[in-house]
Amino acid sequence: MLAYLIRRLLYALPILIGVNVITFALFFIVNTPDDMARMQLGVKRVTPEAIEKWKTERGYDKPLFWNTQASGAGQVTDTIFFGKSVKMFALDFGRADDGRDIAREITLRMGPSLAVAVPVFVLGLFAAISFALLLVYFRATYLDFAGVVLCVAMMSVSGLFYIIGGQWLVSKIWHLVPISGYAEGLSAAKFIILPVIISVLAGIGSAARWYRTIFLEEYTRDYVRTARAKGLSERFVLFRHVLRNALIPILTGAVVVIPTLFMGSLLIEAFFGIPGLGSYTIDAINAQDFAVVRAMVFIGSALYIVGLLLTDISYTLVDPRIRLS
Amino acid sequence: MKFVLLWSDALFFLLIAAMIAGGVWASRQPHLRASWRKVGQSRVAIGSAAVLAVFFAIAFVDSLHYRPQLPATPQGEVRYSTEVLSALDALLLPLRTQTEKTYSAPLATHLFAKETLDDAGRDFPPLRYPGTHLFGTDKVGQDVLYLTLKSIRTALLIGTLTTLIMLPAAIGLGLLAGYVGGWVDDVIQYLYTTLNSIPGVLLIAASVLMMQVVIDTHPEWFATSAERADARLLALCAILGITSWTGLCRLLRGETLKLRELEYVQAARALGVSSALILWRHILPNVMHIVMIAMVMDFSGLVLAEAVLSYVGIGVDPNTISFGTMINTARMELAREPMVWWSLAAAFIFMFVLVLAANLFADALRDAFDPRASR
């Protein structure tokens with residue numbers, strides 16, 4: 001097991017390096033730092049001195065890969081690639097444009113993001129599985145048909161509609177919860193409840209439909225026929241046999257997103273004013289703060305790779321037929 | 001009048017031509033005819049296809065661009081407006097030009113807000129064109145129906161061109177990885193795992209930011225603002241394509257792995273047919289249904305994504321009329337007192353109809369063409 005984990009981690013390393021190279025190319029080769037400076041300072045009437053100053057402040061005044069002016073190891077380390085990209089592996093993200101330390105900001109904002117994302121994940125999974133179970137229980141009836149139609153209709157509604165409509169109905173008309181904002185501790189609940197419900201609602205259509213097909217596929221297996229032949233009731237077959245076996249692909253499929261929960265949701269956080277990583281990213285995008293966006297891309301990819309690893313491990317835990325090798 | 005062929009127009013026409021050619025090709029293949037008949041027998045499929053056809057027709061008319069001629073100068077020189085219009089603009093001339101001062105409710109006869117009039121104190125001033133605005137007017141008095149109709153082209157372009165742009169990469173690399181195997185397979189797998197591991201929204205955000213810098217630092221590339229907006233739209237399609245080709249590529253790789261072991265491929269190889277010819281003649285036609293299903297399935301997701309991305313500020317050019325920019329400008333309108341609901345409602349209803357039709361059509365196609373799909 002340990003050997004497998006180490007090998008998987010070693011396999012993840014080239015992917016992370018690849019991500020790093022892609023982001024580096026995107027941010028520094030497609031556009032030179034001069035372009036970015038000009039963009040930030042306003043395209044017209046910008047002096048070369050101002051550009052130099054902007055670059056020096058952010059450490060963009062070095063060569064890209066190879067510093068001929070430095071000596072020894074400094075030839076490699078005193079460059080933009082090393083300073084901006086390689087250091088990310090040590091979780092050193094540098095400073096945002098407003099001068100704050102990005103790593104510190106990330107640890108501060110992780111909490112609010114998780115406070116929304118974890119309930120959304122758990123409740124969303126539970127709601128979608130329950131709904132799919134209901135449809136499967138009444139399969140090949142009008143109830144099932146109506147449910148599938150409802151799922152397709154819910155999938156076809158823009159996520160923005162759920163958010164805008166939900167805020168309008170619950171906060172403005174019913175005055176149940178504040179429209180947006182956040183508070184520390186337990187009082188966060190009243191700010192979190194609406195975004196959680198809206199996210200769950202927005203995601204349930206596609207998830208429930210997907211789970212329904214998994215359940216139905218499970219119904220075609222031989223063990224179901226055997227169970228029926230034994231004289232087990234339909235309800236017993238569904239909950240004891242089909243549900244358990246269908247949960248394997250559903251749960252292992254859900255594992256991959258667990259690490260990325262840290263990143264929060266861009267849209268929901270921006271709309272509800274939750275000071276998490278999602279709104280941090282949005283603010284950075286709007287302010288064109290390249291350092292923050294770069295850091296978020298790196299962290300997001302790293303978390304996704306961790307998710308893939310967890311998926312592999314969870315497969316072996318739930319299904320004894322699969323061995324790690 | 002001077003015709004203008006924007007890049008997106010050319011690609012859109014190419015796409016429609018390809019769709020027609022594909023339809024003709026597919027109808028000549030006996031083994032596909034049964035599947036198409038199954039699609040044709042489904043009432044839902046025909047209904048949704050009809051709705052999609054209407055949307056496509058509107059987008060097509062909206063893609064015929066021209067620059068109107070300005071009154072000639074005293075020297076007799078012919079000049080053209082820098083404003084690029086489309087045939088749809090010409091058809092909807094009354095809607096486009098009959099603007100009001102500000103908000104007015106659907107089919108209203110008076111403006112939405114009270115104003116100080118000369119004679120009778122504060123009252124609702126009468127509209128210039130009372131009762132003509134089916135969905136009312138927005139903040140600057142533009143007809144909302146006109147805006148929604150113009151949005152259709154943007155939505156369809158994003159939904160179709162994205163897949164068109166990514167298709168060569170997805171098909172080429174997917175078939176290559178599956179058929180050749182070995183280190184080629186390893187490299188391609190590494191490529192798409194790496195791209196896949198970057199969270200989609202963030203990759204799009206980063207790419208769009210960078211694209212904006214390129215476009216803003218090279219204003220000399222574009223003659224008109226329409227061309228700049230068009231370049232941005234195409235770049236957005238390319239970026240969305242780069243982030244979304246991996247899924248199809250993986251599917252095609254898996255399918256090719258399966259197909260290359262089948263007898264007819266083995267037989268072709270034994271007869272000395274070259275690999276390129278085998279891929280072209282025996283593998284490609286047998287994975288086309290996967291490509292088609294993936295294209296239709298991706299479409300609705302891309303239309304929805306456009307709205308979200310434009311809302312976040314990393315979508316189309318703010319001057320391009322799209323569902324996303326419409327929703328973005330109307331974002332605070334529900335909070336007004338009394339509220340203005342018609343812009344949002346119109347954008348959401350049109351989007352819902354389009355996406356619902358696409359989803360239903362995609363389901364019908366998948367049921368007919370994918371033998372593994374269970375009902």
Side-chain angles (χ1 to χ4, degrees), chain A residues 12 14-19 21-23 26-27 30-31 34-36 38-39 43 140 148 152-153 155-161 164-165 167-168 172 179 213 216-217 219-220 260 263 266-267 270-271 278 281-282 284-286 288 290 293-294 296-305 307-308, chain B residues 190-191 193-203 205-214 216-219 300-301 303-305 307-308 311-314 323-324 327-328 330-331 333-335 337 339 341 344-345 347-349 351-360 363 372-375:
Chain A
I15 294 178
L16 213 49
I17 293 173
V19 169
V21 170
I22 291 175
T23 40
L26 202 61
F27 279 93
V30 174
N31 294 289
D34 285 49
D35 287 338
M36 284 193 277
R38 220 167 284 139
M39 173 94 181
V43 177
V148 174
V152 177
M155 277 164 65
S156 307
V157 176
S158 168
L160 293 171
F161 177 78
I164 295 177
Q167 272 187 333
W168 172 74
K172 184 156 179 264
I179 285 187
T213 53
L216 286 183
E217 213 172 284
Y219 259 112
T220 62
T260 52
M263 304 285 292
L266 297 187
L267 263 195
F271 263 100
T281 316
I282 290 267
I285 291 170
N286 288 332
Q288 304 197 320
F290 304 107
V293 177
R294 224 167 41 230
M296 297 311 288
V297 169
F298 183 79
I299 297 173
S301 317
L303 290 174
Y304 179 80
I305 292 169
L308 287 182
Chain B
Y190 170 74
L191 200 66
T193 322
T194 307
L195 271 179
N196 222 8
S197 64
I198 305 177
V201 188
L202 287 176
L203 183 58
S207 314
V208 170
L209 275 185
M210 289 301 117
M211 171 193 79
Q212 249 169 325
V213 177
V214 173
D216 286 357
T217 46
H218 298 278
S300 47
V303 172
L304 291 178
V308 172
Y311 186 87
V312 175
I314 48 177
F323 291 128
I327 296 170
N328 195 6
R331 64 202 299 177
E333 286 178 359
L334 284 187
E337 204 61 56
M339 66 165 180
W341 50 269
L344 283 174
F348 280 130
I349 289 172
M351 241 166 87
F352 175 70
V353 172
L354 173 62
V355 174
L356 184 67
N359 274 335
L360 292 175
D363 279 358
R372 279 166 306 175
S374 52
R375 280 245 57 167

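Below, chains carry the letters A, B, ... as their sequence lines are ordered, and counting in each starts from 1. Because the structure is predicted, anything quoted here is derived from the model rather than measured. Below, all heavy atoms of this structure are taken into account, side chains as well, without hydrogens, waters or symmetry copies.
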Item checked: Side chain, backbone, both or neither of A:Phe290 within contact of chain B (heavy atoms, under 4.5 Å) -> side chain

Notebook entry, point to check: What part of B:Ser207 lies closer than 4.5 angstrom to a heavy atom of chain A: side chain, backbone, both or neither?
Noted result: both

Note to self: Ring centres under 6.0 Å, that's the criterion: do B:Tyr311 and A:Phe271 meet it?
What the structure shows: yes

Item checked: chain B contact via A:Ser158 - side chain, backbone, both or neither, heavy atoms under 4.5 Å -> both

Check: Heavy-atom distance under 4.5 Å to chain A: side chain of B:Asp363, backbone, both or neither?
Finding: side chain

Notebook entry, point to check: Relative to chain B, which segment of A:Met155 carries a heavy atom at a distance below 4.5 Å: side chain, backbone, both, or neither?
Noted result: both

Check: Does the B:Tyr190 side chain pair with the main chain of A:Pro14, one donor and one acceptor, at a distance under 3.5 Å?
Finding: yes

Next item on the list: Provide the closest heavy-atom pair for B:Met351 versus B:Ala307 in the form atom of the first, atom of the second, distance.
Entry: CE-CB, 3.6 Å

Notebook entry, point to check: Got A:Leu160 and A:Leu267 here, is their nearest side-chain heavy-atom distance under 4.5 Å?
Noted result: yes

Check: Considering all heavy atoms of both residues, which atom of B:Ser300 and which atom of B:Asn359 are nearest to each other, and what is their separation?
Finding: OG-OD1, 2.8 Å

Notebook entry, point to check: Hey, what do you get for CZ (A:Phe161) to CG (B:Leu304), rounding to the nearest 0.5 Å?
Noted result: 13.0 Å

Next item on the list: Name the region of A:Val297, side chain, backbone, both or neither, that has any atom closer than 4.5 Å to a heavy atom of chain B.
Entry: both

Margin query: Please classify the contact of B:Val201 with chain A as side chain, backbone, both or neither, using a heavy-atom distance under 4.5 Å.
Written below: side chain

Check: Checking A:Ile285 against chain B: side chain, backbone, both or neither under 4.5 Å from a heavy atom?
Finding: both

Notebook entry, point to check: Can you name the closest pair of heavy atoms from B:Pro199 and A:Ser301 and give their distance?
Noted result: CD-N, 3.6 Å

Margin query: If I take atom CD1 from residue A:Ile22 and atom OG1 from residue B:Thr194, how far apart are they, to the nearest 0.5 angstrom?
Written below: 6.0 Å

Checklist line | Residue B:Leu344 versus chain A: region with a heavy atom under 4.5 Å | finding: side chain

Notebook entry, point to check: Relative to chain A, which segment of B:Ile314 carries a heavy atom at a distance below 4.5 Å: side chain, backbone, both, or neither?
Noted result: side chain

Checklist line | Heavy-atom pairs under 4.5 Å with chain B, option from A:Ala302, A:Ala153, A:Gly307, A:Gly165 with the top count | finding: A:Ala153

Notebook entry, point to check: Checking B:Phe348 against chain A: side chain, backbone, both or neither under 4.5 Å from a heavy atom?
Noted result: side chain

Checklist line | Interatomic spacing from CG in B:Leu360 to CG in B:Leu356 - rounded to 0.5 Å | finding: 4.5 Å

Margin query: If I take atom CZ from residue B:Phe323 and atom CD1 from residue B:Ile349, how far apart are they, to the nearest 0.5 angstrom?
Written below: 11.0 Å

Notebook entry, point to check: Using non-hydrogen atoms only, which part of B:Ile327 is less than 4.5 Å away from chain A: side chain, backbone, both, or neither?
Noted result: side chain

Notebook entry, point to check: Can you tell which of A:Lys172, A:Gln167, A:Arg294 has the highest number of heavy-atom pairs within less than 4.5 Å of chain B?
Noted result: A:Lys172

Check: Between A:Val19, A:Leu16, A:Ile305, which has the largest tally of heavy atom pairs under 4.5 Å with chain B?
Finding: A:Val19

